[in-house]
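The structure under discussion appears below in the form of structure tokens.
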Protein chains: 2
Amino acid sequence: MGEEYFDLLVYIAKEKGLFNTLKSSTSKIANEMKVSQQTISRKLRDMEDLGLIKREVTPNGLSISIADGGRAVLKKNYLELEEIFKEKKLVLKGIIEKGIGEGKYYMSMKQYQQQFKSKLGFDAYPGTLNLKVNKVEVMGFLSSLEPVIIEGFTTKSRTYGSLTCYKIKINGIGGAIVIPERTRHEEETLEIIAPVHLRSKLNLKDGTVLRVKS
Amino acid sequence: MGEEYFDLLVYIAKEKGLFNTLKSSTSKIANEMKVSQQTISRKLRDMEDLGLIKREVTPNGLSISIADGGRAVLKKNYLELEEIFKEKKLVLKGIIEKGIGEGKYYMSMKQYQQQFKSKLGFDAYPGTLNLKVNKVEVMGFLSSLEPVIIEGFTTKSRTYGSLTCYKIKINGIGGAIVIPERTRHEEETLEIIAPVHLRSKLNLKDGTVLRVKS
DNA sequence: ATTACTATGTTGCGAGTAT
DNA sequence: TATACTCGCAACATAGTAA
């Protein structure tokens with residue numbers, strides 16, 4: 001292939017862009033790229049043969065510009081990487097888990113409820129749906145969403161931490177993923193809130209596969 | 001460095017994104033990338049050692065996901081290429097040349113003038129300013145601009161070809177670069193039109209260096 | 001079927017040096 | 001100074017095959 005020419009092609013393009021001519025020397029480029037002068041000399045000759053660059057040798061240096069072939073290689077790689085980074089995961093898959101009851105407890109606090117209403121736009125049903133998910137998939141899914149911070153508070157009996165929420169849709173119903181402060185990073189269960197009791201409304205059972213969308 | 005792992009990293013990321021796990025086999029990947037099974041096997045092991053991927057070997061295949069190091073490499077390359085492709089040359093430098101008179105001739109045709117007014121937004125002064133420029137710089141400059149096509153027409157005496165125009169600013173005055181149809185590709189002189197006589201308005205003389213902006 | 005070892009090609013790198 | 005040879009060595013790729 002031609003993988004070994006890519007870095008040098010990027011170097012040239014970064015120096016003077018895709019269309020201008022770079023006046024330099026093999027030793028100068030070699031120094032900056034931390035390889036030998038001989039390697040740069042050989043690579044540039046090879047790249048010229050491959051139609052990646054145009055090259056003109058003068059007594060005291062080189063004139064290098066990127067040829068159509070080189071631009072094509074750069075663009076191909078750019079588009080591939082753009083595809084990778086611009087792709088945002090729109091659906092998260094998980095399996096319904098038996099709730100452990102804690103969600104119901106803190107969900108009922110009016111200090112949280114008021115913020116759910118004002119920041120998420122709905123009165124949350126007092127309880128959470130637990131969804132077992134793949135940790136890395138969650139990262140990809142959440143990374144494209146805007147976090148909504150629900151502030152914590154303290155009562156005379158205990159302290160309630162802040163919550164990070166992400167608005168989602170569950171079978172068309174607007175809800176949110178709720179991640180309590182200081183959740184273990186290895187956590188593989190997400191808690192989901194919604195204005196209705198999702199379990200009965202959507203007839204969900206433990207083990208059901210559920211897809212939520214952003 | 002690690003240039004030889006880049007293509008494989010891109011392959012994995014394209015398959016399943018930056019966060020999901022790819023279940024495949026060394027021979028399947030080798031087939032698709034047109035290298036040997038042994039090479040893929042070795043490279044994946046190396047990439048795991050380098051912290052580019054996470055890898056799990058099972059009796060009937062592999063689970064591969066991209067690690068933080070791999071994401072860093074991909075992102076670095078993405079940002080470099082984005083810089084190269086997103087950089088739009090905003091200024092084009094040239095030297096005022098003596099006009100050859102032809103511009104003035106066709107500029108006065110009302111069939112062109114009507115289109116200048118409707119498509120470029122100004123009545124063009126009947127004459128062009130000739131600017132000697134670097135061919136490759138022109139390509140970089142024009143590639144980021146929207147071409148405006150002025151249709152050709154035929155009179156009883158001759159045919160007037162279509163013109164490709166690019167709106168620009170010359171010292172703050174809105175004008176356009178005009179490239180006649182079938183211009184020689186090696187042409188190094190651009191013709192510029194504007195609503196005023198640029199030469200007198202801007203006190204330009206032959207040999208003056210002029211910068212036009214998009 | 002897998003992955004990955006060993007042995008053997010092949011290619012790339014760079015020190016020395018010619019031009 | 002510059003580019004670009006030659007050539008010894010190291011790195012990479014692959015065929016065969018073990019596990």
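Letters A, B, ... are given to chains in the order of the sequence lines, protein chains preceding strands, and every chain is numbered from 1.
Rounded to a whole Å, the CD1 atom of A:I29 is 12 Å from the P atom of D:dA4. Between A:I40 atom CD1 and D:dA4 atom C1' the separation is 13 Å, expressed in whole Å. If you take CZ of A:R55 and C1' of D:dA4, they are 9 Å apart, rounded to a whole angstrom. In this entry the distance linking CZ of A:R45 with C1' of D:dC5 reads 8 Å, nearest Å.
In this structure, the side chain to side chain contact (heavy atoms under 4.5 Å, CB included) partners of A:S162, at least two apart in sequence or on a different chain, are A:E181. Applying the salt bridge (Lys or Arg N to Asp or Glu O under 4.0 Å) test to B:K14 and every residue at least two apart in sequence or in another chain returns A:E80. Applying the side chain to side chain contact (heavy atoms under 4.5 Å, CB included) test to B:K213 and every residue at least two apart in sequence or in another chain returns B:V91. For A:E15, there are no salt bridge (Lys or Arg N to Asp or Glu O under 4.0 Å) partners two or more places apart in sequence or in a different chain. The side chain to side chain contact (heavy atoms under 4.5 Å, CB included) search around A:Y78 returns A:E82, B:Y78, B:L81, B:E82, B:F85, B:K86, not counting sequence neighbours. Listed by chain and residue number, A:E48 satisfy the salt bridge (Lys or Arg N to Asp or Glu O under 4.0 Å) test with A:R55 (two or more places apart in sequence, or in another chain). Residues satisfying the side-chain hydrogen bond (donor to acceptor under 3.5 Å, both in side chains) criterion with A:R211, sequence neighbours excluded, are absent altogether. A:E32 is linked by a salt bridge (Lys or Arg N to Asp or Glu O under 4.0 Å) to A:K28, counting only residues two or more places apart in sequence or in another chain.
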Which pairs of donor and acceptor atoms, one on a side chain in residues 68-76 of chain B, lie under 3.5 Å apart (sequence neighbours left out)?
from: B:D68; atom 1: OD1; to: B:R71; atom 2: NH2; distance (Å): 2.8
from: B:R71; atom 1: NH1; to: B:L18; atom 2: O; distance (Å): 2.8
from: B:R71; atom 1: NH1; to: B:I66; atom 2: O; distance (Å): 2.9

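Under 4.0 Å is where a charged nitrogen must lie from a carboxylate oxygen, and between B:R199 and B:D206 at least one such pair does.
Contacts of B:S41 with the nucleic acid, taken as non-hydrogen atoms under 4.0 Å apart, include base atoms.
Contact detail for A:V209 and A:K93: the closest heavy-atom pair is CG1-CG, 3.7 Å.
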Restricting both atoms to N or O, compile the protein contacts to nucleotides 7-13 of chain D shorter than 3.5 Å, with distance only.
from: D:dC12; atom 1: OP1; to: B:E4; atom 2: OE2; distance (Å): 2.5
from: D:dA13; atom 1: OP2; to: B:R42; atom 2: NH1; distance (Å): 3.1
from: D:dA13; atom 1: OP2; to: B:R42; atom 2: NH2; distance (Å): 2.2
from: D:dA13; atom 1: O5'; to: B:R42; atom 2: NH2; distance (Å): 3.4

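Reading DNA chain C from its 5' end, the first and the last nucleotide to sit under 4.0 Å from a heavy atom of chain A are C:dG12 to C:dG16.
Taking the C1' atoms of five terminal pairs at each end of the helix from C:dT2-D:dA19 to C:dT19-D:dA2, the two resulting helix axes are inclined by 40°, rounded to 10°.
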